[in-house]
2 protein chains.
Amino acid sequence: MKNSTKSRGRKPRQEAVPVDVIRRLSLYLRNLRNLREAGRGRVSSEEVAGPFNLSPAQFRKDLSWFGRFGKSGVGYEAEALSEEIMRIIGTDQSWNVAVVGVGEMGGALLKYPGFDQSNFNLAAAFDNNPAKIGRTINGVKIVDIADAPLTIKNCGIKVAILTVNRDAAQAAAELMVKCGVRAILNFAPCRLILPETICVSNMDVSCELETLVCRLRHRLLRKGMQ
Amino acid sequence: MKNSTKSRGRKPRQEAVPVDVIRRLSLYLRNLRNLREAGRGRVSSEEVAGPFNLSPAQFRKDLSWFGRFGKSGVGYEAEALSEEIMRIIGTDQSWNVAVVGVGEMGGALLKYPGFDQSNFNLAAAFDNNPAKIGRTINGVKIVDIADAPLTIKNCGIKVAILTVNRDAAQAAAELMVKCGVRAILNFAPCRLILPETICVSNMDVSCELETLVCRLRHRLLRKGMQ
DNA sequence: ATATGTGAATCCTTTCACAGCC
DNA sequence: GGCTGTGAAAGGATTCACATAT
């Protein structure tokens with residue numbers, strides 16, 4: 001009965017950064033942008049973390065995974081810190097991203113203005129519907145998914161957003177992996193079975209809604225981040 | 001310096017259910033549906049939790065927050081367990097949900113077929129754009145947000161999905177709260193400042209994308225659920 | 001005086017392992 | 001034999017508190 005299933009029971013004792021640390025870095029970064037737009041040059045850990053109901057100590061511990069970025073007794077330079085966090089996350093460079101499946105959700109993402117200010121560049125859109133192939137949405141031409149290998153290679157795409165329906169998700173994901181995609185943001189309401197080397201994150205509306213309404217009846221224990 | 005900010009440093013020592021438990025229950029529930037559709041009547045904790053890279057022990061501990069639902073040496077009845085979990089979450093009853101802001105994302109959600117099989121019923125859509133008010137999307141009539149109080153009261157809406165743009169999000173959220181909404185699923189890329197009694201969950205595409213690409217460089221420590 | 005960075009302590013979550021039951 | 005339910009143990013994450021730096 002022991003060591004039965006896959007690799008779940010391992011004890012790697014590795015010095016790996018917890019993924020929640022990165023998720024918080026991403027929040028800090030957004031807040032830093034706001035603070036800078038509000039004219040703040042120097043900021044404290046309380047100012048950066050407080051709005052998310054996270055403690056200043058948490059902020060400092062999170063950063064300490066990667067180095068020392070503040071001045072004792074003074075605080076942090078908002079701009080320099082932003083750049084450091086972007087370097088840590090990897091968004092100091094630009095990323096070409098593919099949208100796979102131009103249905104309602106895929107179309108909405110292609111038109112989403114939030115990416116304009118980011119270093120994520122929606123560089124390609126794929127679909128298998130002949131009625132959609134060749135059309136252009138917000139400057140992005142919809143390409144036959146059969147031609148995905150070439151496009152992905154040409155654009156150097158490593159990240160895909162999966163917005164196909166549930167039944168098509170697994171096959172589409174496998175195709176992306178075969179084309180060289182290494183990270184997938186999955187909007188389909190199912191789990192993808194992919195090699196462990198591929199990074200997957202799920203945006204699960206049903207799951208979030210269910211969690212929300214459950215919090216309405218039970219008083220649940222959250223942990224910051226709102 | 002101590003006891004400085006809000007209520008962050010409390011030690012409530014309460015027997016509150018962690019929100020992650022609920023998030024996993026939601027996943028188990030989905031898998032149970034799949035297992036039932038595949039004809040399985042009786043299932044084991046391994047079968048239910050395994051596909052999410054969660055351990056059988058975790059599944060049993062999660063359930064133990066709420067009671068005892070299995071038979072020793074046998075397993076669980078898939079259908080009965082589904083109903084129990086739905087009762088725990090609260091989706092044994094139907095929920096009317098409002099979509100606030102019928103832009104690209106709001107429209108996509110209104111047309112999203114995933115809600116058909118769920119107990120979430122998109123009962124109302126609000127916008128402030130006269131060109132949209134009065135139109136119908138997927139059977140849902142778009143109502144002037146000025147008339148939200150009446151609609152929300154009539155439909156008994158307690159949950160809203162916020163799909164307005166960032167600058168409008170805080171005001172729209174406050175309006176919803178004033179109308180009696182108690183839970184908000186926020187798609188806008190910002191944090192909402194609301195009374196603690198209101199439940200908020202954020203669907204944050206940028207944050208997830210950043211976390212994903214960060215995982216491409218650093219080998220991060222995830223904890224199941226994929 | 002003030003705020004960082006970080007070991008130590010605390011708190012929480014997950015896993016282990018086994019008694020109990022089918 | 002096989003699987004659940006659950007205390008106990010192990011492992012992680014958060015908070016404390018203070019030495020340190022400006």
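Everything numeric in this text was worked out from a predicted model, so none of it was measured. Protein chains get the first letters and strands the later ones, always in sequence-line order, with residue 1 at the start of each.
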Got a sec? Which of residues 34-45 of chain B come in under 4.0 Å of DNA chain D, heavy atoms? B:Ser44, B:Ser45
Indicate, with a heavy-atom threshold strictly under 4.0 Å, whether A:Arg60 touches base, sugar-phosphate, or nothing. base
What nucleotide among D:dT6, C:dT13, C:dT6 has an atom nearest to a side-chain atom of B:Pro18? C:dT13
How many whole angstroms separate atom CH2 of B:Trp65 from atom P of D:dG7? 13 Å
Measure CG/B:Asn53 against C1'/C:dT14 and give the value in whole Å, please. 15 Å
Looking at residues 70-78 of chain A, who's got a heavy atom less than 4.0 Å off DNA chain D? A:Ser72, A:Gly73
For B:Glu46 and C:dT15, give me the distance from atom CD to atom P, rounded to whole Å. 12 Å
Figure out the CD/P separation between A:Glu47 and C:dT2, and round it to whole Å. 14 Å
Rounded distance (nearest 0.5 Å) linking atom OH of A:Tyr76 with atom CG of A:Leu35: 13.5 Å
Side chain to side chain donor-acceptor pair (under 3.5 Å) against B:Arg68, all qualifying residues, sequence neighbours excluded: none
Can you check the B:Arg68 CZ to D:dC3 P distance for me, whole Å? 18 Å
C:dC16 P sits how many Å from B:Leu54 CG, rounded? 14 Å
Which residue pairs pass the ring pair (Phe, Tyr, Trp, His ring centres under 6.0 Å) test when at least one of the two sits in residues 27-49 of chain A, sequence neighbours left out? A:Tyr28-A:Phe59
note: B:Asp62, atom CG; C:dC12, atom P; distance rounded to Å ~ 17 Å
A:Ser206: which residues meet the side chain to side chain donor-acceptor pair (under 3.5 Å) condition with it, sequence neighbours left out? none
Which pairs would a plain distance check flag for residues 156-164 of chain B, meaning a side-chain donor or acceptor within less than 3.5 Å of a matching protein atom at least two apart in sequence or in another chain?
residue  : atom : partner  : partner atom : Å
B:Thr163 : OG1  : B:Val100 : O            : 3.1
B:Thr163 : OG1  : B:Gly101 : O            : 2.6

Proximal nucleotide (of D:dT15, D:dT14, D:dA8) relative to the A:Arg24 side chain: D:dT14
Between B:Asn202 and B:Asp204 (side chain of the first, backbone of the second, donor and acceptor by atom type, cut-off under 3.5 Å), is there such a pair? no
Assess whether atom CD of A:Glu37 is packed by more than 12 heavy atoms of other residues, nucleotides or ligands within 6.0 Å. yes
Between A:Glu208 and B:Arg23, is there a salt bridge with N-O shorter than 4.0 Å? yes
Can you tell me how far C1' of D:dT6 sits from CZ of B:Phe59, to the nearest Å? 15 Å
From CE (A:Met176) to CG (A:Leu192), nearest 0.5 Å: 12.0 Å
So which nucleotide from D:dT15, C:dT15, D:dT6 ends up closest to the side chain of B:Gln58? C:dT15
